[in-house]
Amino acid sequence: MRRGAMSSDGRPPMRDRSFAPSRILIYLVVTLFAAAYLAPLVVVVLNSLRTNEEIAQGSMIGWPQHLAWGNYALAWSGFCIAETCAGIRPYMLNSALVTIPATIFSTLLGAVAGYAVSLWRFRGDNWIYGIVTLGLFLPQQMRLLPWTIVLRDIGLINTLWGLVLIHTIQGLSFTVLFCRNYYIAIPHELIRAARIDGAGFFRIFWRIILPLSAPILIVTVIWQFTHIWNEFLYGVTFTTGQQQPVTAALIALSAAVADIPQHGVQSAAVIIAALPTLLIYLFGGRYFVRGLTAGAVK
């Protein structure tokens, strides 16, 4: 097509930017950042398939000569952690027993609270919203002493339910923030019409708001699940022994092999522990971005 010629629909033709220098530079920079970010993961995956002798004779970076799948079996159910030779399997179960209920509770409570402060305006609602979201700016170390006192007084020290309570309350800051910013874009006419028809607070929430909340609920579930599963400070502070989550068990595994390093088993344990969050992002990553931007344009 000649320069200045028009396309068949009357619009000027689009220039082919597939090989533009600026686009190539962008791809190159993004590829370099991705390679730098994924390099540690690649090293851990390769080491999880190498024997300890192979790593000791060579280096921490290298291709496996023989695939040592036994590292995964040993890390899962055979290696000794804190004098218990059951691998990381019981600690994975502990993390699941903490993460799943805490994610559900914090998401539901955050949805109700976000709905209340965004669509049911009342005196002091902005103050309540500000106080709840203030938890986003407080470092975790400042919360250790108050949580120690609370868990001691209610008898939940060194229990999984204590961690569920902590992560549920701590997660409200994020879930209320996400849900409130999403719900504020919902037309208020829907709420007014439902109230005229006689619907109350919870009926409107269950029948109208909750069916519209799928994008933001996916965001909060992914966010909370990943954060709670990977959390270490509360797990190592408020639990010991067989009550610890998998993140604390990995530190115990590192200490157990300090004299005779078992890098292959350690790497396999890290991959197993990270697998749930990797799967969450692999299958839900696209919905995470869509949910974050769903309420951005009113």
Side-chain angles (χ1 to χ4, degrees), residues 95-138 140 161 163-231 274-298:
S95 289
L97 292 176
V98 170
T99 302
I100 294 175
T103 299
I104 295 174
F105 294 154
S106 61
T107 297
L108 291 179
L109 292 175
V112 173
Y115 157 66
V117 299
S118 61
L119 299 178
W120 288 71
R121 307 308 300 270
F122 52 91
R123 181 175 298 180
D125 57 346
N126 288 330
W127 282 98
I128 293 177
Y129 172 68
I131 292 173
V132 171
T133 55
L134 182 64
L136 296 171
F137 307 100
L138 297 178
Q140 289 185 335
W161 280 110
L163 293 182
V164 171
L165 176 64
I166 290 175
H167 291 304
T168 299
I169 302 302
Q170 299 288 147
L172 286 178
S173 298
F174 293 98
T175 57
V176 171
L177 174 66
F178 291 155
C179 292
R180 186 260 184 187
N181 291 341
Y182 180 82
Y183 292 152
I184 204 171
I186 295 178
H188 289 257
E189 288 75 13
L190 288 175
I191 307 301
R192 296 193 187 99
R195 296 178 69 176
I196 291 174
D197 291 339
F201 180 89
F202 285 105
R203 187 174 183 181
I204 294 175
F205 177 75
W206 287 109
R207 295 294 183 87
I208 299 176
I209 302 301
L210 199 59
L212 298 175
S213 304
I216 199 61
L217 293 183
I218 292 175
V219 171
T220 56
V221 166
I222 294 175
W223 180 279
Q224 283 297 96
F225 186 94
T226 304
H227 173 74
I228 297 171
W229 186 277
N230 292 333
E231 200 280 326
L275 193 59
T277 53
L278 290 175
L279 293 176
I280 285 288
Y281 269 109
L282 180 64
F283 293 105
R286 67 178 70 179
Y287 304 105
F288 186 84
V289 177
R290 291 178 186 174
L292 283 178
T293 58
V297 181
K298 190 172 182 178

Mind listing the closest non-hydrogen atom pair of [X] and [Y] along with its distance?
X: Ala102; Y: Thr168; answer: CA-OG1, 3.6 Å
X: His188; Y: Leu119; answer: CE1-CD2, 3.8 Å
X: Thr107; Y: Leu217; answer: CG2-CD2, 3.7 Å
X: Ile208; Y: Leu212; answer: O-CG, 3.3 Å
X: Cys179; Y: Gly110; answer: CB-O, 3.8 Å
X: Thr277; Y: Ala274; answer: OG1-O, 2.9 Å

Is any side-chain heavy atom of [Y] closer than 4.5 Å to one of [X]?
X: Ile191; Y: Ile204; answer: yes
X: Tyr183; Y: Ser213; answer: yes
X: Phe174; Y: Thr220; answer: no
X: Gln170; Y: Glu231; answer: no

Euclidean distance, [Y] [atom2] relative to [X] [atom1], rounded to 0.5 Å:
X: His227; Y: Thr103; atom1: NE2; atom2: OG1; answer: 10.0 Å
X: Leu109; Y: Ile104; atom1: CG; atom2: CD1; answer: 11.5 Å
X: Leu138; Y: Gln140; atom1: CG; atom2: CD; answer: 11.0 Å
X: Glu189; Y: Ile196; atom1: CD; atom2: CD1; answer: 10.5 Å

So Trp229 and Phe225, would you call those rings parallel, tilted or perpendicular, with 30° and 60° as cut-offs?
->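 If you compare the ring of Trp229 with that of Phe225, the planes turn out parallel.
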
Mind telling me whether Trp120 and Tyr115 have parallel, tilted or perpendicular rings, with 30° and 60° as the class edges?
->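 Tyr115 and Trp120: perpendicular rings.
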
Verify, without hydrogens or angle tests, whether Thr99 (side chain) and Ala96 (backbone) share a donor-acceptor contact under 3.5 angstrom.
-> no

Can you tell me if Thr226 uses its side chain to pair, donor with acceptor, with the backbone of Trp223 under 3.5 Å?
-> no

Polar contact flag, side-chain donor to acceptor under 3.5 angstrom, Ser118-Tyr182 =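 No, Tyr182 and Ser118 have no side-chain donor paired with an acceptor closer than 3.5 Å.
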
Can you name the side chain to side chain donor-acceptor pair (under 3.5 Å) partners of Trp206, sequence neighbours left out?
-> none

With sequence neighbours excluded, what pairs up with Phe105 under the ring-ring contact (aromatic ring centres under 6.0 Å, His included) test?
->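 Listed in chain order: nothing, the list is empty.
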
Mark yes when over 12 heavy atoms from residues, nucleotides or ligands other than Phe202 sit less than 6.0 Å from its CZ; otherwise mark no.
->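 No, CZ of Phe202 has 12 or fewer neighbouring heavy atoms, counting only those of other groups under 6.0 Å.
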
